[in-house]
Visitor: 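Once you've had a glance at the structure underneath, I'll fire off some questions.
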Amino acid sequence: MSESTSSLPSTLEEPVWKTILTELQQIGVKLFFVLVPINRKVNILAKWDLWGPLVLCMTFAMFLSFNAPSGQGDIMFATGFFIVWIGAVVVTVNAIILGSNISIFQSVCLLGYCIAPLVLAEAINTLLGLVGLDIIFIKLVVTFISFVWSTFAALSFFFKTVEMKKVALVLYPVILFFLAIAWLILVC
Amino acid sequence: MADDFDPFADDDPFFTDVALAPTMEPAKKTSSSASSPKPTDEPTMIPEPTQNEEEDQEPAAILPTAEADDAFFESEDGKDDDEIPNPEEQGRQYTITLPNWLGWITPQYYERFCDVNTFDIGKRLLAALFPYTGHFTKMSAANGEIYGPMWITMTYICLLGVMSYVAMKFNSVYHAYIPSLSSGVGDNEYDFRRVLFAAAVVIAYTVIVPAVFWIVSLVASFPLSFVTILDVVAYSLLPPMLTLPFCIIPYTIVGYLAWTTGALFGLIHVAVCIAWLVHQKSIRWLPALVLMILLIPIHVLWTFVIKLLILGYSIDFSVGMERWREMLDITLKQ
């Protein structure tokens with residue numbers, strides 16, 4: 001799930017809990033780096049990983065399934081999973097075809113981490129539903145804020161990777177990707 | 001297992017004579033330029049972007065040919081020559097040359113179909129709304145692209161999902177509707193399966209219809225470009241997309257009027273463009289006529305399916321008026 005670790009020290013002899021803790025710390029660092037728009041350095045994302053996006057995607061899909069209308073839990077889970085992974089790959093391939101100099105896994109890692117605000121919005125909406133505050137306007141506001149946050153976090157990376165004539169063509173699918181995820185949250 | 005591995009074996013299908021050349025330069029950064037690189041016969045995979053520019057300026061690695069004896073190979077730093085050099089340790093990256101028949105799996109194969117910029121797409125979108133001018137067909141015939149078809153289709157599907165949700169909410173507010181299809185769920189519950197089915201219908205229309213037209217054109221000896229036909233069919237989703245927000249207005253006549261307008265303009269777009277393309281390739285009008293006869297029922301069918309699936313909520317006007325009267329009576333009594 002990570003890039004080649006030939007330059008990293010071997011982790012075979014350390015306890016499993018320590019390895020897991022290290023991975024969780026790396027996930028936390030990348031999450032903070034992606035979501036907090038200060039001191040952006042591309043070097044951190046060069047060491048991409050898919051653990052964080054997987055955890056976020058699974059959380060997102062499980063919330064969708066939990067909040068889905070009756071009899072549609074399995075469909076919502078599959079749809080959420082499919083949209084996140086296939087959508088990220090398609091958006092990335094689109095950027096590469098248009099001349100962007102990014103790698104597929106790096107971009108999928110970035111997009112995976114950028115859905116974190118939307119996962120948080122879904123958690124908030126679920127909580128509001130459980131306490132009886134399932135008001136559409138509150139859900140709209142929370143989802144809208146998280147959509148803007150996720151989109152801004154992702155756009156700032158893609159903006160630098162392609163020439164100005166084609167930047168709108170690269171950014172539009174990114175916006176559509178997060179819009180689809182936000183709509184799934186609203187629907188449930 | 002490790003002793004059996006020989007990266008320089010002649011029978012390795014993934015390496016050509018170019019990869020076995022004695023000199024191999026490090027992969028250069030590919031920078032975006034106004035003109036995308038023309039695809040070659042041997043597509044290559046773009047390597048990971050290098051992080052240090054100085055590493056790109058190091059001298060090229062010297063590798064032995066397939067026939068070279070290892071005893072004569074001397075590395076620059078005098079290390080053990082039996083060890084296979086690790087590109088990551090040396091900071092270099094090598095290009096991998098794929099056989100021609102595998103070129104289609106690389107993104108670079110499709111660069112030729114995305115040689116457009118924002119301004120080009122904008123011009124095509126505007127031209128697609130006025131197909132009788134011929135501008136759209138000429139642009140598409142000269143430079144077919146797949147960016148527009150792909151993202152217009154995705155946008156239309158997303159819009160269908162959003163509008164279906166809004167239509168359901170209208171229904172829950174007005175409590176008076178004509179359900180067009182029974183989904184088995186509650187009246188105020190959103191049926192996501194409808195959206196999935198509608199997405200499948202739209203994607204099938206955008207992919208299968210161009211494929212059928214392309215095959216017909218090949219069989220009838222006026223070969224058309226598949227990408228051009230794809231452009232024509234996919235851009236025909238633009239008029240229905242523009243009228244979609246009006247289709248959810250919960251009054252039957254307004255909804256059907258908006259739907260009819262969008263479907264009709266989409267049909268005109270495809271018919272005019274296909275007729276022009278066919279006429280350019282063949283002086284006979286019969287092939288164009290046959291294609292349009294095939295197209296009309298297909299277009300009506302898929303737009304009607306979408307209308308029933310997604311836009312089936314509308315107010316029964318008489319019930320709506322009765323409800324408004326009830327609400328007015330309640331308000332006046334208070």
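Worth knowing before you read on, the calculation uses all heavy atoms, side chains too, and leaves out hydrogens, waters and symmetry mates. Every chain is numbered from 1 and lettered A, B, ... according to where its sequence line falls, protein lines coming before strand lines.
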Visitor: Looking only at heavy atoms, which two atoms of Leu186(A) and Tyr165(B) are closest? And how far apart?
Guide: O-OH, 3.5 Å
Visitor: Has Tyr110(B) got more than 12 heavy atoms of other residues, nucleotides or ligands less than 6.0 Å from its OH?
Guide: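 Count over threshold, so yes.
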Visitor: Given a strict heavy-atom distance threshold of 4.5 Å, which part of Leu196(B) is in contact with chain A: side chain, backbone, both, or neither?
Guide: side chain
Visitor: So which part of Ile136(A) gets closer than 4.5 Å to some heavy atom of chain B, the side chain, the backbone, both or neither?
Guide: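 Just the side chain, heavy atoms under 4.5 Å.
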Visitor: Under 4.5 Å between any side-chain heavy atoms of Ile97(A) and Phe113(B), yes or no?
Guide: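 They are not in contact (no side-chain heavy atoms under 4.5 Å apart), so the answer is no.
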Visitor: Please report the closest heavy-atom contact between Glu111(B) and Ile96(A), naming both atoms and the distance.
Guide: OE2-O, 3.9 Å
Visitor: So which atom in Leu176(A) and which in Met154(B) form the shortest heavy-atom distance, rounded to 0.1 Å?
Guide: CD2-CB, 3.9 Å
Visitor: For residues Thr118(B) and Val167(A), determine if any side-chain heavy atom of one lies less than 4.5 Å from a side-chain heavy atom of the other.
Guide: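 In short, these two side chains do not touch, never coming nearer than 4.5 Å.
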Visitor: Does a side-chain heavy-atom distance below 4.5 Å link Lys166(A) with Val116(B)?
Guide: no
Visitor: In terms of heavy-atom pairs under 4.5 Å, which option from Ile146(B), Asn117(B), Val195(B) contacts chain A the most?
Guide: Asn117(B)
Visitor: Can you tell me how the ring of Phe192(B) sits relative to the ring of Trp183(A), calling it parallel under 30°, perpendicular over 60° and tilted otherwise?
Guide: tilted
Visitor: Can you see which heavy atom on Arg193(B) is nearest to which on Gln72(A), and at what distance?
Guide: N-OE1, 4.1 Å
Visitor: For chain B, find which of Ile75(A), Val187(A), Val93(A) contributes the most heavy-atom pairs closer than 4.5 angstrom.
Guide: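 Most pairs with chain B among the choices: Val187(A).
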Visitor: Verify, without hydrogens or angle tests, whether Tyr147(B) (side chain) and Leu169(A) (backbone) share a donor-acceptor contact under 3.5 angstrom.
Guide: yes
